[in-house]
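Throughout, numbering of the chain's residues begins at 1 and tracks the sequence. FYI, side chains are in, hydrogens and waters are out, and symmetry mates aren't considered; it's all heavy atoms of this structure. Quick caveat: nothing in here was measured; it's all calculated off a predicted structure.
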Amino acid sequence: MKLLSMKHIKKSFGDRTVLKDISLDVAEGEVVAIIGPSGSGKSTLIRLATNLEELQGGEVHYGDLTLYTEKDGYAPTAERQKINRLYGMVFQHFNLFPHLSVLANLTLAPRDVLKVSKEEAVRTAEGLLARMGLADKAHNYPFELSGGQQQRVSIARALAMKPQIIFFDEPTSALDPELTQEVLAVIQELAEENMAMVIVTHEMAFARHVADRVIFMADGLIVEEGPPEEVLDRPKNPRTQAFLNKN
């Protein structure tokens, strides 16, 4: 079953066209890695999927729910709220609330959006922190944690909403190599549990290891896509070949 379907997506900022005509489907349990040079539109694509940028063309569906069509615009608020509960987002720079403890960061949205009790939200959060190796950090504040710990908290926060799909926007680019491995190990574990994920990444070895499908983007287009061993080891397109030779 398709969890996400994006068709003929277009996006411009002023007179600069960032996405020209992009279509992307993600199935249940599928891990899609998006690679490509800076400025190719990778982050914009997942920000459009997660309501962080305004769509300007094409259509976006989550299962049988419609977020946007070019003809009708955005779905009504109630429909959009249902869709917002289906996905989680993990950012490059963590985006944790600095004035809240780790535990409060994890329990805020489940209580406000999912309307779960405080007790249930805390129980879920504590379980996720234990899974991330952060059980002893519940009452710390983000500034007291390493970058790798903050990113694991960010992943736990996304999981606390029980999403069907998680988007990662360069989740390790702000981390040094040792901390990068901590975070990649968590994402690998999620992949083994069949969590659907879309991962914008510059970690080619990781993409090869964890992704079911790799998409190479350049100049606002999908230039090449397929299984990791095809795209990363035997790329057909000269743009893909040139990019991988530099990496």
- Note on the structure: Residues Phe168 and Ile46: closest non-hydrogen pair is O-CD1, 3.7 Å

- Provide the closest heavy-atom pair for Ser154 versus Val90 in the form atom of the first, atom of the second, distance. OG-CG1, 3.7 Å

- Message: To check you understand the geometry: which heavy-atom pair defines the closest contact between Ala49 and Tyr87, and what is its length?
- Response: O-CE2, 4.1 Å

- Would a distance-only check, ignoring hydrogens and angles, find a side-chain to backbone donor-acceptor pair under 3.5 Å from Glu230 to Pro227? no

Only pairs under 3.5 Å count here: list side-chain donor-acceptor contacts from residues 238-246, not counting sequence neighbours, and write none if there are none.
{"unit_1": "Arg239", "atom_1": "NH1", "unit_2": "Asp219", "atom_2": "OD2", "d": "2.7"}
{"unit_1": "Thr240", "atom_1": "OG1", "unit_2": "Glu224", "atom_2": "OE1", "d": "2.8"}
{"unit_1": "Gln241", "atom_1": "NE2", "unit_2": "Pro235", "atom_2": "O", "d": "2.9"}
{"unit_1": "Gln241", "atom_1": "NE2", "unit_2": "Lys236", "atom_2": "O", "d": "3.4"}
{"unit_1": "Asn245", "atom_1": "ND2", "unit_2": "Gln241", "atom_2": "O", "d": "3.2"}

- Query: Taking the hydrophobic residues Ile, Leu, Val, Met, Phe, Trp and Tyr, and joining any pair whose side-chain heavy atoms are under 4.5 Å apart, which ones share a cluster with Tyr141?
  - Reply: Phe143

- Item | For the student: nearest non-hydrogen atoms of Val31 and Ala191, plus distance | CG2-CB, 3.9 Å

- Under 4.5 Å side-chain linkage, directly or through intermediates, the cluster mates of Phe97: Leu100, Leu108

Solution key, residues 109-124 side-chain donor-acceptor pairs under 3.5 Å, sequence neighbours excluded:
{"unit_1": "Lys115", "atom_1": "NZ", "unit_2": "Asp112", "atom_2": "O", "d": "2.7"}
{"unit_1": "Ser117", "atom_1": "OG", "unit_2": "Glu120", "atom_2": "N", "d": "3.1"}
{"unit_1": "Thr124", "atom_1": "OG1", "unit_2": "Glu120", "atom_2": "O", "d": "3.1"}

- Go through the structure and list residues passing salt bridge (charged side-chain N to carboxylate O under 4.0 Å, His left out) with Glu53, not counting sequence neighbours. Arg47

Could you pull out all donor-acceptor pairs under 3.5 Å where a side-chain atom in residues 193-201 meets a protein atom, sequence neighbours excluded?
{"unit_1": "Glu193", "atom_1": "OE1", "unit_2": "Arg131", "atom_2": "NH2", "d": "2.6"}
{"unit_1": "Glu193", "atom_1": "OE2", "unit_2": "Arg131", "atom_2": "NH2", "d": "3.1"}
{"unit_1": "Thr201", "atom_1": "OG1", "unit_2": "Glu203", "atom_2": "N", "d": "2.9"}

- Message: Please determine whether side chain to side chain contact (heavy atoms under 4.5 Å, CB included) holds for the pair Val183 and Leu175, giving the CA-CA distance in whole Å, both sets of side-chain angles, and the decisive distance to 0.1 Å.
- Response: CA-CA 9 Å; Val183 173; Leu175 305 176; 3.6 Å; yes

- Residue pair Ile35 / Met217, side-chain heavy-atom distance below 4.5 Å: no

- Note on the structure: For Ser43 and Asp169 the tightest heavy-atom approach is OG-OD1, 2.6 Å

- Query: What heavy-atom pair brings Val214 and Ala207 nearest, and what distance separates the two atoms?
  - Reply: CG2-O, 4.4 Å

- Could you go step by step and tell me if Glu229 and Arg208 meet the salt bridge (Lys or Arg N to Asp or Glu O under 4.0 Å) rule? CA-CA 7 Å; Glu229 59 274 13; Arg208 178 183 283 104; over 6 Å; no

